[in-house]
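I have placed the structure first, in the form of structure tokens, so that the comments after it can refer back to it.
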Amino acid sequence: MRVATWNINSLRLRIDLLRRLVQQEGCDVICLQEIKVEDGLFPLEAVKALGYPYVRFHGMKGYNGVAILSKIPFEVMDPRNWCLKGDARHAHVILGGDVELHNFYIPAGGDIPDPDTNVKFAHKLQFLDELKAHFAAGSKAGASAKGKAIMVGDLNIAPLEEDVWSHKQLLNVVSHTPIEVEKLNAVQKAGKWIDAVRQITPAPTKLFSWWSYRSADWTQNDRGRRLDHVWVTPTLSKRVRHATILRDMRAWTQPSDHVAVIVDID
DNA sequence: ATGGTGGTCCTACCA
């Protein structure tokens with residue numbers, strides 16, 4: 001089973017790039033973030049025509065929004081109302097009655113890494129605390145699927161030194177601050193999650209999935225960050241065969257600032 | 001220390 005996660009930054013604007021991804025990689029399941037479309041305007045027929053008859057979408061006007069496109073039937077689970085905001089950052093399904101799948105879009109957190117002066121950063125930290133509690137010991141991660149669970153998404157945090165172009169220069173930059181990394185690690189530990197991409201390509205190899213738009217040339221000095229992740233439970237980690245970050249997508253015409261991350265699981 | 005680009009939707013807001 002090939003699973004992809006991609007922050008598409010507007011599904012309607014980039015549906016042709018989604019088609020290109022499908023033609024090139026032939027994924028079984030695609031998890032999207034920042035679809036930026038309210039449910040009544042979701043391009044359902046166009047998505048089905050790409051070969052995905054099973055579609056879960058959870059969106060809102062203008063911002064955020066997540067979707068799961070699948071060739072495998074699934075049962076839709078209720079998303080939690082994270083931070084009581086109702087802001088369409090989570091989709092949850094059970095694939096084939098067998099594998100639990102979560103798709104998250106964690107808040108970016110604004111510019112200033114101080115929860116007392118920046119409500120967006122406070123929101124991000126609260127979201128991480130709620131995720132930790134959700135996946136805490138005895139909780140549900142994989143429980144409904146005999147320990148087989150996958151968590152993907154734009155987590156908006158680059159946890160390792162080798163997940164950013166310069167650890168030293170980004171230590172005080174939102175996405176790589178110690179408090180965010182610590183809280184993300186706590187989420188990982190609570191759910192017994194294993195980073196499938198780093199299982200295949202460990203540090204110190206640098207890996208990035210996002211390059212800012214705010215640069216004339218994104219390849220200049222390769223100033224990227226790894227914000228997009230695929231985590232699996234221990235049962236599934238034994239079956240991870242391949243993991244790739246599709247860096248070339250950043251060079252496509254009118255690209256998203258994120259590229260897709262792909263994992264193959266037997 | 002600053003400003004850089006791109007998305008939605010039409011006025012700022014978010015990334």
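The structure presented is a predicted model; accordingly, all values stated were derived computationally and were not measured. In what follows, every chain begins at residue 1, and chains take the letters A, B, ... in the order their sequences are listed.
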* Looking only at atom P, what distance separates B/dA1 and B/dT5, rounded to whole Å? -> 22 Å
* Would you mind reading off the distance between A/Asp217 atom CG and B/dG4 atom P, rounded to a whole angstrom? => 17 Å
* Asked: For atom P, what is the distance between B/dA12 and B/dT2, given to the nearest Å?
  -> 24 Å
* Mapping A/Asp257 and A/Ala216 to their closest nucleotides on DNA chain B, which lands nearer the 5' end? -> A/Ala216
* Asked: For A/Arg214 and B/dA15, is the shortest distance between a side-chain N/O and OP1 or OP2 below 4.0 Å?
  -> no
* Separation of B/dT5 C1' from A/Arg223 CZ (nearest whole Å) -> 16 Å
* To do: Provide, to the nearest angstrom, the distance between the CD1 atom belonging to A/Ile106 and the P atom belonging to B/dA15.
  => 13 Å
* Answer yes or no: does a side-chain N or O of A/Lys61 lie under 4.0 Å from OP1 or OP2 of B/dT8? => no
* **Atom-pair distance (CZ on A/Arg12; P on B/dG7), nearest Å** => 13 Å
* Check: A/Arg247 and A/Asp222 side chains under 4.5 Å, non-hydrogen atoms -> yes
* Asked: Counting just side-chain N and O atoms, does A/Ser10 come under 4.0 Å of either OP1 or OP2 of B/dT8?
  -> yes
* Should the pair A/Asp264-A/Arg2 be classified as a salt bridge under the 4.0 Å nitrogen-to-oxygen rule? -> yes
* Roughly how many Å is it from NZ in A/Lys120 to C1' in B/dC13, rounded to a whole number? -> 7 Å
* Structure fact -> 5'-most contact on DNA chain B (nearest-nucleotide basis), A/Glu38 vs A/Tyr105, goes to A/Glu38
* To the nearest angstrom, how far is A/Tyr213 atom OH from B/dT8 atom C1'? -> 12 Å
* To do: Give none if B/dG3 has no partner; otherwise give the nucleotide forming a Watson-Crick or G-U wobble pair with it, both distances under 3.5 Å.
  => none
* Electrostatic pair A/Asp16:A/Arg19 at N-O distance under 4.0 angstrom -> yes
* To do: Give the rounded distance in Å between these two atoms: CG of A/Asn7 and P of B/dG7.
  => 12 Å
* C1' atom, B/dC14 versus B/dC10: distance in rounded Å? -> 15 Å
* Would one find a side-chain N or O of A/Gln33 under 4.0 angstrom from OP1 or OP2 of B/dA15? -> no
* **Shortest non-hydrogen contact from A/Asn118 toward A/Ile112** => ND2-O, 2.7 Å
* To do: Could you check how far CG of A/Asp111 sits from P of B/dC14, rounded to whole Å?
  => 11 Å
* To do: Check the side chains of A/His58 and A/His90 for a donor-acceptor pair under 3.5 angstrom, ignoring hydrogens and angles.
  => no
